[in-house]
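This report refers to the structure that appears directly beneath it.
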Amino acid sequence: MSLRITTWNANSIRLRESSLKRIVAEIRPDVLCLQEIKVEDDKFPYDLCRELGFPHLHVHGQKAYHGVAVLSKLPLEQCHARKWCGNGDCRHAICTLPGGIELHNFYIPAGGDIPDPEANPKFRHKLDMLEELTGYFGGRKGDGARMVVLGDLNIAPLETDVWSHRQLLDVVSHTPVETEGLIRLQEAYGFVDAVRTVIPPSQKLFTWWSYRNRDWDASDRGRRLDHIWLSPALAPHLVTAEVRRAARGWENPSDHVPVTVELSVRP
DNA sequence: ATGGTGGATTTTCCA
């Protein structure tokens, strides 16, 4: 069977009803992972999600900041969250999909403006979470899990993941300490960057464009911050991957667009 | 070099 999994940073789910409907209608994900829902669990739009065909919901939200959710047409099992960096931020959800596929939905800290962990606690937090994740997944290397790791990782690792590699080397999201840290995390377990398997690194590819640019499409000063990785056991089942750039031009858009993989798996 | 916009909750913080 074909399994379509989408990740999307909604930047406030309560303001994105029309975008959510379009994603469901036009991308038709079986599983939709959200970040930055910016709402507490009891204020999440459960009924809307059920009406859109997702009876299985796992919401890990908090007031005003962060928050992740998994919407699924297929049953979800063992939904839970892990605690990272010893705080209560809702930046991660884990669910098991049919066929024993372990799904990790992440919202890694943006990291503030100053790329110096001594001067900027938010950047320190970002690097700390990366390192903790590297230790966790590194410790599981070779366990043979069928795993999807996705979300807003807030780092654009490749030169072609930003509009200007040279001009962004000192900008949080593309500094060497971050890009090298993200690659270390990826390699600690041996994750395959699914989207870059389909769209080669020779092509520029972005998933986020700042609201601050007058004409996001014409200036095209984007970054690839949203990712979908597959474990070695799952990577051979990748069929295709897609970034829905057009979503940035929808009415009242999020600043991030949906990223989707299609897998061919036996449940 | 600077500031630009948008979201949630205020009298600013975060991205």
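Letters A, B, ... mirror the listed sequences (proteins, then strands); counts begin at 1.
Residue contacts for A:Arg16: at a heavy-atom cut-off of 4.0 Å it reaches the sugar-phosphate backbone alone, with no base atom in range. Within 4.0 Å (heavy atoms only), A:Asn252 reaches sugar-phosphate atoms of the nucleic acid but no base atom.
At whole-Å resolution of the value, CG in A:Asp113 and C1' in B:dT2 are 13 Å apart. Taking atom CH2 of A:Trp209 as the reference point, atom P of B:dT5 lies 20 Å away to the nearest angstrom. In this structure, the CH2 atom of A:Trp216 is 22 Å from the P atom of B:dG4, given to the nearest Å. Atom CG of A:Leu153 and atom P of B:dA15 are 15 Å apart (whole Å). Atom-to-atom, CZ of A:Arg212 to C1' of B:dG7 comes out at 12 Å; the value is rounded to the nearest Å.
To the nearest whole angstrom, the two P atoms, one in B:dT5 and one in B:dT11, are 23 Å apart. With C1' as the reference atom, B:dG7 and B:dA1 are 27 Å apart, rounded to whole Å. Going from the C1' atom of B:dT9 to that of B:dA15 covers 15 Å, rounded to whole Å. Rounded to whole Å, the P atom of B:dG6 lies 22 Å from the corresponding atom of B:dT10. Nucleotides B:dC14 and B:dG4 place their C1' atoms 16 Å apart, quoted to the nearest Å.
The side-chain heavy atoms of A:Gln203 and A:Thr160, taken from C-beta on, include no pair separated by under 4.5 Å.
The side chain of A:Arg14 has B:dT9 as its nearest neighbour among B:dA15, B:dG7, B:dT9. Of the candidate nucleotides B:dA15, B:dG6, B:dT9, B:dA15 has the atom nearest to the side chain of A:Ala110. When distances run from any side-chain atom of A:Lys122 to the nucleotides B:dG6, B:dG4, B:dC14, the shortest one goes to B:dC14.
Judged purely by distance below 3.5 Å, without hydrogens or angles, the side chains of A:Glu178 and A:Ser173 never pair a donor atom with an acceptor atom. Counting only N and O atoms by type, the side chains of A:His80 and A:Gln78 include no donor and acceptor under 3.5 Å apart.
Proximity of the aromatic rings of A:Trp229 and A:Tyr189 is defined here by a centroid distance below 6.0 angstrom, and this criterion is not met.
Position along DNA chain B of the nearest nucleotide to A:His256 versus A:Ile13 favours A:Ile13 as the more 5'-ward residue. Residue whose closest nucleotide on DNA chain B sits further toward the 5' end, between A:Asp255 and A:Ile37: A:Ile37.
At a threshold of 4.0 Å, the pair A:Lys21-A:Glu17 counts as salt-bridged, since one of the basic side-chain nitrogens sits closer than that to a carboxylate oxygen.
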